[in-house]
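Input: a single structure, listed below in structure tokens.
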Amino acid sequence: MDRIRIRKAARLQGEIPISGAKNAALKLMAACLLTSEPLVLSNVPRLADVRAMADLLKSFGVTVERTPGTSLGEGDTYRFQAGTIASSFASYDMVRKMRASFQVLAPLVARHGEAKVSLPGGCAIGARPVDMHLKALEALGAEVSLADGYVLAKAPKGGLVGGRIEFSKVSVGATETALMSSVLAKGKTEIGNAAREPEIEDLCLCLIAMGAKISGLGSGRLIVEGVKELHGATYAVMPDRIESGTYAIALALTGGELELIGARRDNNTALYDLLDRAGTDIQETKRGIRLYRNGAPPAAVEVTTAPFPGFPTDLQAQLMALMTIAEGTSIIRETIFENRFMHVPELGRLGADIRVHGDVATVRGVAKLKGAPVMATDLRASVSLVLAGLVAEGETIVNRVYHLDRGFDRLEEKLRAVGADIVREKE
Ligand code: UD1
């Protein structure tokens, strides 16, 4: 398995192009199943999860053509065509590797009438049930059963029928399931307590480009008027706000000056406001966001993860890496996923002082981290170790980095280009 070797960095300086958003791209890819015409997606990030989703789509009979981008800043372009759906079976082997592949369930049922999809695996960050996805499908008339680790869902004879879906808690994935189930359903669907993450809006905009009728974008109540069929479209994936947030935190750690090309402050106000308070200068530019920091330790913060527009759980581990060297004691509360503090013992190996009680981590800032071998556990946890490695004295070796390749497009290349001392060792 590959590992990454990092030596303490000088200040980061320069610009980093932000790739297309993983969490948007994967769902837009699944949306190709809703039409027999081609869906062309540009700005697709180069990630293991994207390749896994493309393979899964191929197994249903979708033709997939990829045109690689020619620079770090240009994403790949994919053309997907689900002319006929030859199979609607997603095996355990496919789905366990990546939870997002569960998102094929709704478009398969909506267009093909039925699907058998394995219950998901994905990151080891808690139980992560799919009950709300299934309730959404049932609300539109699907018959859903569970057997041997698989979900079997069937639309009624004439297809899914619009209805009312009221979620008991905010879920990104379940909102996407509700959207993809309802765009081809007969009549109107109302989705209450919908997630408001920008990736949901991206999916709505792509579906609208394909002929769907959706209103209430950006709000917690989405209204879908079902249409008979959707058509092909060309759509550019939104920039990844978790990737840009991660590099913003990297800059706050090392000091220096970075321009994040394509980043948007309004996609991540919670993070940028917090970095601002902790002492980083942030300016919106024509091309993205410019950050400047003089290298003094950041001020400690108190933060609670929450659904958008709250502080994203996908940046919690990275923020914690920053707070390990803050002046004072930070309190970080994780409310979205249980078991999402797996980076804590690894950061501890680098000299961080972190105590966890239930869903709260108390981080006492230390003057210095010291490099050591550490183990990547999940996607966001792994990148937090890379960030800590940028400021740890000496050398940090991050083992088991395949998690990083799932979600960060050419991370070492991007960091090296702005002055980091980071190399990958193949095994
Ligand atoms: C998506 C993102 C993930 C991010 C998360 C929260 C993708 C591929 N992944 O994950 O990176 O961390 O949003 O922003 O887009 N829940 C249930 N029942 C369900 C569904 C969810 O109880 O049927 C719970 C989950 O266990 C969790 C909470 O709802 O506690 C939020 O999860 P959800 O928003 O669904 O996360 P994902 O869509 O899986």
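Whatever order the structure lists ligands and atoms in, that order sets their numbers, starting from 1. Being a predicted model, the structure only gives us computed values, none of them experimental.
One option in Arg380, Lys22, Met132 has a heavy atom closer to atom 16 (N) of ligand 1 than any other, and that option is Met132. Considering each of Ala306, Ser168, Ser171, Ala21, the one bringing a non-hydrogen atom nearest atom 21 (C) of ligand 1 is Ser171.
Residue contacts with ligand 1 for Thr313 involve side-chain atoms from C-beta outward but no N, CA, C or O (heavy atoms, distance under 4.0 Å). Only the side chain of Arg340 comes within contact range of ligand 1, with a heavy atom under 4.0 Å; no backbone atom does. Using a 4.0 Å cut-off between heavy atoms, Asp314 contacts ligand 1 through its side chain alone, with no backbone atom that close. Counting heavy atoms closer than 4.0 Å to ligand 1, residue Pro129 contributes atoms from both its backbone and its side chain. Counting heavy atoms under 4.0 Å from ligand 1, residue Glu176 does not touch it at all. Under 4.0 angstrom from ligand 1, there are no non-hydrogen atoms of Phe308.
Taking a 4.0 Å cut-off on heavy atoms, Glu199 fails to register as neighbouring ligand 1. Val130 counts as a contact of ligand 1, since one of its heavy atoms falls under 4.0 Å from the ligand. Ligand 1 is approached by Val170 to a heavy-atom distance shorter than 4.0 Å.
A salt bridge links Glu243 with Lys414: the distance from a Lys NZ or Arg NE/NH1/NH2 to an Asp or Glu carboxylate oxygen falls below 4.0 Å. Between Arg164 and Glu166, at least one side-chain N (NZ, or NE/NH1/NH2) sits under 4.0 Å from a carboxylate O, which counts as a salt bridge. Between Glu176 and Lys27 there is a salt bridge, with a side-chain nitrogen of the basic residue lying less than 4.0 Å from a carboxylate oxygen of the acidic one. A salt bridge links Arg241 and Glu199; the closest N-O separation between the charged side-chain nitrogens and carboxylate oxygens is under 4.0 Å.
In terms of polar-atom proximity, Val172 is counted as a contact of ligand 1, with an N or O under 3.5 Å from an N or O of the ligand.
Contact atoms of ligand 1 toward Lys27: 7 (C), 8 (C), 15 (O) (distance under 4.0 Å to a heavy atom of the residue). Within ligand 1, the atoms closer than 4.0 Å to a non-hydrogen atom of Gly173 are 35 (O), 38 (O), numbered from 1 in the order shown. Atoms of ligand 1 found under 4.0 Å from any heavy atom of Arg99, numbered from 1 in the order shown, are 39 (O). Short contacts between ligand 1 and Ile336, defined as distances under 4.0 Å to a heavy atom of the residue, involve ligand atoms 27 (C), 30 (O), 31 (C). Against a heavy-atom cut-off of under 4.0 Å, Ala100 is close to the following atoms of ligand 1: 8 (C).
Applying the 6.0 Å contact sphere to CG of Asp148 captures no more than 12 heavy atoms from other residues, nucleotides or ligands.
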Donor-acceptor contacts under 3.5 Å from residues 209-216 side chains, at least two apart:
none

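For the pair Pro198/Met238, a side-chain contact is recorded, criterion being any heavy-atom separation below 4.5 Å from C-beta on. Two residues are said to be in side-chain contact when any heavy atoms from C-beta on lie closer than 4.5 Å; Tyr272 and Thr280 fail this criterion.
Among Asp76, Asp405, Asp240, the single residue meeting the salt bridge (charged side-chain N to carboxylate O under 4.0 Å, His left out) criterion with Arg46 is Asp76.
A donor-acceptor contact closer than 3.5 angstrom links the side chains of Thr305 and Glu334.
In this structure, His133 and Phe102 have perpendicular ring planes: the angle between them is above 60°, well past the 30° mark.
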